[in-house]
Every structure is written in C-alpha cells, then in structure tokens.
Amino acid sequence: MAIIAITAISFAKQDENLSSNRLINAFLPHHLAGKSQSYANTQDQLNTINDLNTAKQKLDSAKAFNVNLYEGVVIDMKVDFKYNTKGKIIKTTQKMFLAGTSIPLYGSTSEFEYDQSGRLIKNTEKTLEGVNSYKYEYTYNANNLMATEIESFWSEDINDWAVSNKYEYEYNANKQIITKLMYSNIMGDQFGLSGKYEYQYNASEILTEIMEYSFNEVYSKTGTEKYEYTKNNTLKIIIKYRIELGENNEEILIPTEKREFTYDGANNRSMETNYTANADNDELIISGKDVYKFNNDYSAVDLILPFTPIDGDQADFFSHMVVSNKAYFYNEGILADSAELTYYYSEFTGSSVFDSKFASAQISPNPSTEYVSFNWESNEVTLEVTIYDLSGQEVLSETVTKGESVPVGNLRTGAYVYKLGTTAKTLYGGKIVIM
C-alpha cells in the first residue's frame with residue numbers, strides 16, 4: 001500500500017518538480033510533461049532535416065538517476081524509444097523506480113501514428129498493462145501546418161474516450177504560428193472558448209513574445225512570456241509574467257519565472273539556470289540549473305531523435321549529441337544535486353525519409369562566418385538555395401549563381417541544412433555550419 005500511495009501522490013507532484021529539467025520533461029509522457037509550443041515546426045520541415053541526415057545515430061534511451069521528486073522521495077527513471085525505418089518515433093516506454101531499486105512506481109507507453117504523408121496524426125498513451133489513459137489527435141491545413149489538436153482522456157464511466165481540450169492554430173505568411181485558440185469541455189460534449197495565445201516576432205522573424213488570454217464573454221490578458229536574444233539571435237533569456245491591472249487599468253507585469261541560457265564555444269546550450277518568484281515579494285530567485293555535456297562529433301542533423309512537431313523547442317538542446325546532464329536545485333540558497341541523466345545512442349540502420357540521398361555541393365568556406373559560396377557539377381548556371389535551421393524553419397531562400405557569395409552573417413551560430421535545385425527538383429543537399 002505504501003508504494004500505491006507514493007505513486008498516487010507522485011502523479012500530482014511530478015510535473016511540477018520535474019519541469020525545471022527540460023530534457024527529463026521532454027521525455028515524459030505528453031500529459032505529464034506539458035506540450036511545447038508548435039511554432040512552424042511541422043512534420044514536413046522535420047522531414048527536411050531527416051532527408052539530409054549524413055550520420056546514423058539514434059537516441060535509444062535516456063536514464064535519470066537520483067531524481068528528487070518531492071519531500072524526500074527519490075526515483076530512477078528510464079525512457080526507451082522505438083523508431084520506424086524512416087526515423088520517426090513510433091513508441092516510447094517510460095518506467096519509474098524507487099532510487100537504487102527495482103521497485104516500480106509507475107510505467108506507461110506512448111504510441112505514435114502517421115498518415116501516408118508522414119504527418120503525426122495520433123499519440124495514444126497507456127499504462128504498461130495496456131489500459132488507455134490519454135489520446136492526442138492532430139489535423140493539418142493546406143500548407144501542412146498543424147491546424148488542430150484534440151486532447152482526450154479515457155473515461156471509465158462511459159468506457160470510451162472523452163474529449164477534454166481542443167486547440168486551433170493560425171499562422172502568418174511566413175508559416176509561423178500567430179494564434180493558438182483553446183477550447184475546453186464545459187459540460188458533456190459541449191465546448192467553449194476558454195482562452196488563447198498570441199505570438200509576436202521581430203523584423204528577423206524571431207519569436208519575441210507569447211501573450212496569454214483567458215476568455216469569459218470577452219478576452220482578458222492574464223500573462224505574457226518574453227524572449228531575449230544575443231546579438232547573433234541566440235536565445236538568451238525567457239521570462240514569464242503574470243498581469244495585474246493598476247488603478248487606471250494599466251497592465252502591471254509581475255515576473256513569475258525566468259530561464260537563462262549559457263552556450264559553449266560550439267554553440268551548445270551548456271547550461272540553463274531557472275528562477276522562480278519569491279512568494280513574499282515577487283522577486284525572482286534562483287531555483288535550479290541544468291548542466292549539459294556533448295559529443296561534438298555529431299550535430300543535430302546527424303541524429304535521429306524522438307521528437308515530433310510539438311517538441312520543436314526541445315530539439316534546441318541537440319545542437320550536438322547530448323551525452324549527459326546534471327540537474328541541481330537550490331534549497332534555502334544552497335545548491336544541491338537533483339538528478340543525473342545519461343543518453344544512449346546506437347547506429348540507425350533504417351532508410352531516410354526518401355530512399356535516395358542528395359549529392360553534396362561544394363561549399364566554401366564551411367564553417368562560415370559572413371559569406372558562403374556554392375559550386376556544383378551540373379550545368380545549371382543558377383539554382384534555388386534554401387537554408388533551414390535545425391528546427392526545420394526556413395531562414396534563407398534565394399536564387400544563386402554558381403560560385404556566388406551568399407551573405408549568412410545574420411544567421412546565428414550553429415548547424416544548418418541546405419537544399420539546392422530547381423523549382424521542379426532538388427539536386428543537392430547537405431550541412432552548413434555558421435560560426
């Protein structure tokens with residue numbers, strides 16, 4: 001009975017206590033982890049990255065040791081990943097144990113289904129015994145961007161799925177999400193609009209703010225999330241605020257959380273520091289941090305990872321191969337260990353999204369800082385070049401002449417993939433590194 005009690009309490013607490021560790025959070029089942037925002041990171045854009053995979057290393061499992069769940073409860077956790085021959089995640093299996101033992105606390109699986117175009121259409125979560133728990137279904141618009149997302153839970157009362165929430169996405173001309181409408185189950189099968197998120201971008205098409213609204217006959221702005229970047233557009237800080245109204249109905253922003261990112265010389269996100277508001281005075285105080293180690297022999301375009309279109313921001317951690325990370329939390333101002341994670345990879349033996357690989361063009365210089373030129377063997381004098389970042393977002397598209405210098409100094413440091421071809425056919429593809 002003690003184990004059952006611990007398990008029941010952990011359901012209510014684990015999302016809160018693990019959310020500071022982004023990679024643990026990424027690998028938890030969907031309903032426990034909370035979804036990352038789906039910007040323009042659709043399956044088609046992810047396919048572009050997979051198409052150009054040059055190495056074949058897939059993430060097989062992630063193991064977390066000595067995770068301080070809450071109130072002295074310490075667990076170990078393992079998540080295993082299974083892929084199809086195209087490199088798409090089809091199943092995850094999560095198991096939690098009392099630390100240092102084989103005593104199970106909780107286990108679940110998530111199974112993923114795709115349509116004939118390779119787009120994720122369903123994610124079903126079950127217990128290890130095969131009992132249904134949650135289901136997520138997705139539809140897409142004419143531009144292959146996610147249009148709707150429907151959340152359901154298994155109801156024992158009706159012995160069937162019951163819809164709990166629905167989300168609708170709207171995009172701008174650059175295929176970036178601008179509005180996310182939220183509908184909640186009010187009574188039975190009746191749905192009502194409950195709120196929305198609005199997204200803002202700067203002149204460089206980089207996300208700068210996500211504003212949150214609740215809806216009760218009219219919209220009320222309840223919070224916002226602001227993004228700050230370095231001069232080369234690398235994400236530096238995210239701050240969340242709740243909003244209160246002043247005497248003259250002016251908005252007062254009160255910070256509730258902050259995430260601060262540190263990068264190493266290879267543009268790896270080597271550390272994340274988290275802050276939460278002090279309950280007494282709303283001052284942000286440090287609450288924890290994560291420190292990551294990488295194998296720089298493999299960049300993100302060399303990896304098969306268990307991410308779907310809803311996990312775009314998690315993929316940012318994999319600018320190169322993450323091999324381990326250590327999580328810490330602050331307890332009354334003292335830094336203490338929270339968890340240790342190790343990531344295990346093996347060679348991927350499946351096929352790419354397309355059976356044939358693109359030939360590589362000659363790129364000079366590579367790595368590059370300001371300009372890059374393309375040369376190719378075919379007779380075409382000009383070709384269309386498209387460059388994507390590692391989330392699949394298009395960052396450059398133009399017609400280039402063979403040997404012409406293309407300015408890339410406005411791109412932030414990191415790895416990118418490119419395609420060269422005509423309007424009818426892609427002829428070349430590969431990887432570019434911007435320093």
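Residues take their numbers from the sequence shown, with the count starting at 1.
- A donor-acceptor contact shorter than 3.5 Å is absent between the side chain of Asn268 and the backbone of Ser270.
- Taking the six-membered ring where tryptophan is involved, the planes of Tyr136 and Tyr134 are essentially parallel, since the angle between them stays under 30° and well short of 60°.
- Scanning for side chain to side chain donor-acceptor pair (under 3.5 Å) contacts around Thr127 gives Glu129, with sequence neighbours left out.
- Looking at Asp264, its side chain does come within 3.5 Å of a backbone N or O of Ala266 through a donor-acceptor pair.
- Nearest heavy-atom pair, Phe112 versus Ile89, reported as atom, atom and distance to 0.1 Å: CB-O, 3.5 Å.
- Taking the side chain as every heavy atom from C-beta outward, Ile387 and Val385 approach each other to under 4.5 Å.
- Taking Lys231 as the reference, nothing meets the side chain to side chain contact (heavy atoms under 4.5 Å, CB included) condition, with sequence neighbours excluded.
- Between Met182 and Leu193, the shortest heavy-atom contact is O-CD1, 3.4 Å.
- For Asn132, the side chain to side chain contact (heavy atoms under 4.5 Å, CB included) test picks out Thr124, Lys126, Trp154, Trp161, with sequence neighbours left out.
- Other residues, nucleotides and ligands place more than 12 heavy atoms under 6.0 Å from the CG atom of Asp160.
- Residues passing the ring pair (Phe, Tyr, Trp, His ring centres under 6.0 Å) test with Tyr219 are Phe215, sequence neighbours excluded.
- Here the CE-CD1 distance, from Met146 to Ile121, works out to 12.0 Å after rounding to the nearest 0.5 Å.
- The OH atom of Tyr199 sits 10.5 Å away from the CE atom of Met211 when rounded to the nearest 0.5 Å.
- Taking a cutoff of 4.0 Å between a charged side-chain nitrogen and a carboxylate oxygen, Arg259 and Glu272 qualify as a salt bridge.
- Annotation: salt bridge (Lys or Arg N to Asp or Glu O under 4.0 Å) contacts involving residues 137-146, sequence neighbours excluded, comprise Lys135-Glu137.
- Considering CG of Leu411 and CG of Leu396, their distance stands at 6.5 Å, rounded to 0.5 Å.
- Taking the side chain as every heavy atom from C-beta outward, Leu145 and Tyr140 never approach each other to under 4.5 Å.
- Minimum heavy-atom separation, Ser61 to Asp80: CB-OD1, 3.3 Å.
- Two residues are said to be in side-chain contact when any heavy atoms from C-beta on lie closer than 4.5 Å; Thr422 and Glu384 fail this criterion.
- Residues satisfying the side chain to side chain donor-acceptor pair (under 3.5 Å) test with Asn66, not counting sequence neighbours, are none.
- For the atom pair NZ of Lys289 and OG1 of Thr273, the computed distance is 6.5 Å after rounding to the nearest 0.5 Å.
- Between the side chains of Glu340 and Ser324, not a single donor N or O lies within less than 3.5 Å of an accepting N or O.
- Applying the side chain to side chain contact (heavy atoms under 4.5 Å, CB included) rule to Asn202 yields the partners Ser204, Ile206, Thr208; only residues at least two apart in sequence or on another chain are considered.
- Residues meeting the side chain to side chain donor-acceptor pair (under 3.5 Å) test with Ser155, sequence neighbours left out: none.
- Looking at Tyr343 and Met321, their side chains never come closer than 4.5 Å, going by heavy atoms from C-beta outward.
- Rounding to the nearest 0.5 Å gives a distance of 9.0 Å between OG1 of Thr85 and CD1 of Ile90.
- Because its NZ or CZ atom is both nearer than 6.0 Å to the ring centre of Phe261 and within 45° of the ring axis, Arg269 counts as a cation-pi partner of that residue.
- When all heavy atoms are compared, the tightest approach of Asp302 to Lys431 is OD2-NZ, 3.2 Å.
- Within the 4.5 Å cutoff, no side-chain heavy atoms of Lys95 are placed close to those of Met77.
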Check the pair Asp290, Tyr328 against side chain to side chain donor-acceptor pair (under 3.5 Å), reporting the backbone distance first and the verdict last. CA-CA 6 Å; Asp290 292 275; Tyr328 303 87; over 6 Å; no
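- The closest donor-acceptor contact from the side chain of Lys88 to the backbone of Gly118 lies under 3.5 Å.
- Scanning both residues, Leu59 and Leu305, for their nearest heavy atoms gives CB-CD2, 4.2 Å.
- Cation-pi geometry between Lys122 and Tyr138 is not met at under 6.0 angstrom from the ring centre and within 45 degrees of the axis.
- No cation-pi contact links Lys180 to Tyr169, judged by a cut-off of 6.0 Å to the six-membered ring centre and 45° from its axis.
- Two residues are said to be in side-chain contact when any heavy atoms from C-beta on lie closer than 4.5 Å; Ser164 and Glu151 meet this criterion.
- Every salt bridge (Lys or Arg N to Asp or Glu O under 4.0 Å) that Glu168 has, sequence neighbours left out, goes to Lys166.
- Note that OH of Tyr344 is 8.5 Å distant from NZ of Lys78, once rounded to the nearest 0.5 Å.
- Applying the side chain to side chain donor-acceptor pair (under 3.5 Å) test to Thr139 and every residue at least two apart in sequence or in another chain returns Thr148.
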Exercise answer: donor-acceptor pairs, residues 236-243 side-chain atoms, under 3.5 Å, sequence neighbours excluded:
residue: Arg242; atom: NE; partner: Glu244; partner atom: OE2; Å: 3.2
residue: Arg242; atom: NH2; partner: Glu244; partner atom: OE2; Å: 3.2

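- Of all heavy-atom pairs spanning Tyr227 and Leu235, the tightest one is CD2-CD1, 3.8 Å.
- With no hydrogens or angles considered, a side-chain donor-acceptor pair links Asn174 and Glu205 at under 3.5 Å.
- Applying the side chain to side chain contact (heavy atoms under 4.5 Å, CB included) rule to Lys58 yields the partners Asp60, Tyr83, Ile304, Ser346, Phe348; only residues at least two apart in sequence or on another chain are considered.
- The closest side-chain donor-acceptor pair between Tyr201 and Glu209, if any, does not fall under 3.5 angstrom.
- In this structure, Thr93 and Leu128 have side chains that are in contact, with non-hydrogen atoms separated by less than 4.5 Å.
- Tyr275 has its side chain out of reach of Ile285: every pair of non-hydrogen atoms, C-beta onward, lies at least 4.5 Å apart.
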